[in-house]
Amino acid sequence: MASDIITKEDLTAAESLIKFIDSCPSMFHTAMTLSERLEQAGYVYLPEGSAWTIERGGSYYTRRNNSSVIAWHVGAQAAQATAEKPCAAAPYHFQLTASHGDSPTFKVKSVGELEGPQGYLRLNVEAYGGMIDYTWFDRPLSLAGRVLVRTGARVESRLFSLDRDIAIIPSLAIHMNRDVNNGFAPNRARDLCPLISAGALPAGSLDQMVADELGVDVADVLARDLFLVNRQRSCVWGVADEFVSAPKLDDLACAYTSLEAMLAQTNEHDVSLFACFDNEEVGSGTKQGAMSTFLRDTLVRVNEGLGFDEEDYRRALAASMLVSCDNAHALHPNRPDCADEGARPMLNGGLVIKEAANQHYCTDAFSRAALVAVLENVQVPYQAFANRSDMAGGSTLGNLSNIQASMHAVDVGLPQLAMHSSFETTGVRDVALAIQALTAFYNADLQISEADSVVLA
């Protein structure tokens, strides 16, 4: 039963998000799912190691490490002087969103098994990102990622995902820890090792299982990047169908909604660009992270492909705008005291604009005003978030990407509960509202003059 708030279109968007998340058990699968969606929409793949030919009116995408994706559409009328937009102002500009495809989980070490005690066989894992550890106990788990396999003289990467429940991290019985409800801080080396066998599997079964799944000899499995996957079923729930819960809403909800907005945009006056980076949860400091050269390298090559020089590129950046998309904290129903008194986003209230005086978010007055003007023009609701002044908040990828390619930028996200839990919750209506908001941003031909003014053409 849907309430007057939740429409059929809202439910369709939420169910589509769930299907997207189900197809993305690891960041490598996320990149492939994004690539397949782009291919279906007519985007042409340009490998980083190949020469690029870029034309006005064309749509393209590239990948790095098979875990980060950047896609762009060159407007048919982009980079052309007009009476209203003389090239003296800027030859063209970018309007882009950036999200991330990784989420907090546990990674299997290269020596991936722990034998014992007695006949038990466990996985040897370490934390990837800042997850809420206790949410990983007593849930069906599996593995997904990539495996490097030898085939003759060639070593190649294979996607790996087991569509089976193969592991669980068992809690200690309350009879053996009577004070557990007074506070429990799991030791990751002792308490968070997933159980995969109680004696039926011998040592070496992990690599054998991987080899069997891929149809190769175990000796040809040379390396792997495998992560725990929470197998709990994603769902829309609530008497009024208000909620959607799933693993990895942070940040696959933003990856999904920003991609849908990118594919829906009709702006032919700019270079619209979508980026989904890997490794945000561990600092973005990898070759494929937001702090790497991936975005800058792509923007430079697009600029050169359009026939412009380095001076034109720098002018284009000065006229460009980034929307950094990473989810925000909704007001918690049981702990409203943890929220700022003046900025309390609600589920199903629309996209959240995030700010912080310490600049851990990239929003400032100029970028906020530009986005607010866009959203109010099309009457799409939005909300505000700021951390409580005596509590430290998180950070995201907007400022990190700006280290390599600096431009005006604003931080946004869907409001959600239980961020960094193994199972998170957002509002059903927020999915469709985020797509509407980000589509409006892509469609607005922003004419930025330094930090002095912006015209919404």
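- Every residue meeting the ring-ring contact (aromatic ring centres under 6.0 Å, His included) condition with F106, not counting sequence neighbours, appears here in chain and number order: W136.
- Here K19 does not pair with D22 in a salt bridge; the nearest charged N to carboxylate O distance is not below 4.0 Å.
- Shown here is E450, whose CD atom has no more than 12 heavy atoms of other residues, nucleotides or ligands within 6.0 Å.
- Considering all non-hydrogen atoms of both residues, G101 and C276 come closest at N-SG, 3.5 Å.
- When all heavy atoms are compared, the tightest approach of G289 to S292 is O-OG, 2.6 Å.
- Of all heavy-atom pairs spanning I54 and R301, the tightest one is CD1-O, 3.9 Å.
- A donor atom on one side chain and an acceptor atom on the other are found under 3.5 Å apart for T293 and D297.
- Rounding to the nearest 0.5 Å gives a distance of 13.0 Å between CD of Q436 and CD of E260.
- The shortest side-chain heavy-atom distance between Y361 and N387 falls under the 4.5 Å cut-off.
- With hydrogens and angles disregarded, a donor-acceptor distance shorter than 3.5 Å links the side chain of S421 to the backbone of F423.
- Taking 4.5 Å as the limit, some side-chain heavy atom of V271 sits within range of a side-chain heavy atom of L306.
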Let me see the working for E39 and R37 under salt bridge (Lys or Arg N to Asp or Glu O under 4.0 Å), right down to the final yes or no. CA-CA 5 Å; E39 292 273 355; R37 183 77 175 87; over 6 Å; no
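- For the pairing with L347, the side-chain contact (heavy atoms from CB on, under 4.5 Å) check across V244, L414, L331, L417 returns one residue only, L417.
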Does the side-chain contact (heavy atoms from CB on, under 4.5 Å) test come out yes or no for V69 and L38, once each step is laid out? CA-CA 10 Å; V69 177; L38 290 163; 4.0 Å; yes
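- A distance of 11.0 Å separates CG in L438 from CG in L259, rounded to the nearest 0.5 Å.
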L162 vs M209, side-chain contact (heavy atoms from CB on, under 4.5 Å): CA-CA, chis, key distance, verdict: CA-CA 9 Å; L162 276 176; M209 175 180 60; 3.5 Å; yes
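- Once rounded to the nearest 0.5 Å, the distance linking CD1 of I21 with OG1 of T33 reads 11.5 Å.
- Not one N or O on the side chain of R344 forms a donor-acceptor pair closer than 3.5 Å with the backbone of A330.
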side-chain contact (heavy atoms from CB on, under 4.5 Å), that's the test. Do M407 and L299 meet it? Break it down for me. CA-CA 12 Å; M407 66 190 80; L299 297 180; 4.2 Å; yes
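- Side-chain contact check for Q359 and N399: no donor-acceptor pair (N or O, by modelled atom type) lies under 3.5 Å.
- A donor-acceptor contact closer than 3.5 angstrom is absent between the side chains of Y128 and D225.
- Checked by atom type, the side-chain pair D250/H420 shows a donor-acceptor distance below 3.5 Å.
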Evaluate the salt bridge (Lys or Arg N to Asp or Glu O under 4.0 Å) criterion for residues R64 and E48: first the C-alpha distance (whole Å), next the side-chain angles of each, then the deciding distance (0.1 Å), finally the verdict. CA-CA 7 Å; R64 182 173 287 185; E48 281 201 289; 2.8 Å; yes
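- Looking only at side-chain heavy atoms (C-beta outward), L206 and L123 come within less than 4.5 Å of each other.
- Atom OH of Y134 sits in a sparse spot, with 12 or fewer heavy atoms from other residues, nucleotides or ligands closer than 6.0 Å.
- You'll find the side chain of V229 stays beyond 4.5 Å of the side chain of T105, heavy atoms only.
- For S401 (side chain) and M291 (main-chain N/O), no donor-acceptor pair under 3.5 Å exists by modelled atom type.
- The closest side-chain heavy-atom distance from V155 to V149 is not below 4.5 Å.
- In plain terms, the two heavy atoms of A405 and L295 that are nearest each other are CB-CD2, 4.4 Å.
- R63 and S68 share no donor-acceptor pair across their side chains, judged by distance under 3.5 Å alone.
- Aromatic rings from Y43 and Y60 are positioned such that their centres are separated by 6.0 Å or more.
- Between the side chains of E304 and Y313, no donor-acceptor pair is found at a separation under 3.5 Å.
- For the residue pair S449/D452, the side-chain donor-acceptor check at 3.5 Å is not satisfied.
- Formation of a donor-acceptor pair under 3.5 Å by the N443 side chain with backbone atoms of Q265 is not found in this model.
- At a threshold of 4.5 Å between non-hydrogen side-chain atoms, the residues Y256 and S16 count as touching.
- No side-chain donor from either of H93 and Q447 sits under 3.5 Å from a side-chain acceptor of the other.
- A donor and an acceptor atom, one from each side chain of D251 and S99, are nowhere located under 3.5 Å apart.
- Judged by distance alone, the side chains of S367 and H408 never bring a donor and an acceptor atom under 3.5 Å apart.
- Looking only at distances, a side-chain donor or acceptor of N348 sits under 3.5 Å from a matching main-chain atom of E242.
- Inspection of the D102 and H100 side chains reveals an N or O donor paired with an N or O acceptor under 3.5 Å.
- Side-chain atoms of N267 come within 3.5 Å of backbone atoms of Y442 as a donor-acceptor pair (strictly under, hydrogens ignored).
- With hydrogens and angles disregarded, no donor-acceptor distance shorter than 3.5 Å links the side chain of Q416 to the backbone of T425.
- The closest side-chain heavy-atom distance from L214 to V147 is below 4.5 Å.
- We find that D163 and R231 are joined by a salt bridge, their nearest charged nitrogen and carboxylate oxygen being less than 4.0 Å apart.
- Looking at S272 and W72, their side chains never bring a donor and an acceptor atom within 3.5 Å of each other.
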Which is it for L456 and D445 under the side-chain contact (heavy atoms from CB on, under 4.5 Å) test, yes or no, and what are the steps along the way? CA-CA 6 Å; L456 280 60; D445 181 19; over 6 Å; no
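- Inspection of the T12 and D10 side chains reveals no N or O donor paired with an N or O acceptor under 3.5 Å.
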Let's go through R224 and D207 carefully: what are the C-alpha distance in whole Å and the side-chain angles of both, what is the deciding distance for salt bridge (Lys or Arg N to Asp or Glu O under 4.0 Å) to 0.1 Å, and is it a yes or a no? CA-CA 9 Å; R224 43 182 161 67; D207 282 335; 2.9 Å; yes
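- Between R146 and R158 there is no side-chain heavy-atom pair separated by less than 4.5 Å.
- Between the side chain of D217 and the backbone N or O of D220 there is no donor-acceptor pair closer than 3.5 Å.
- Nearest heavy-atom pair, P381 versus G349, reported as atom, atom and distance to 0.1 Å: CB-O, 3.9 Å.
- A donor-acceptor pair under 3.5 Å links the side-chain atoms of T135 to the main chain of S422, judged by distance alone.
- In this model, a donor atom of one side chain and an acceptor atom of the other lie less than 3.5 Å apart for Q404 and R296.
- Taking the six-membered ring where the residue is Trp, F294 and F277 present perpendicular rings, their angle passing 60° and hence far from 30°.
- Looking at S142, its side chain does come within 3.5 Å of a backbone N or O of R164 through a donor-acceptor pair.
- No donor-acceptor contact under 3.5 angstrom links the side chains of N303 and R314, judged on distance only.
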Y61 and F274: CA distance, side-chain angles, deciding distance, ring pair (Phe, Tyr, Trp, His ring centres under 6.0 Å) verdict: CA-CA 9 Å; Y61 76 99; F274 161 90; over 10 Å; no
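- For the pair P247 and N230, the tightest heavy-atom approach, listed with the atom from each and the gap, is CG-O, 3.8 Å.
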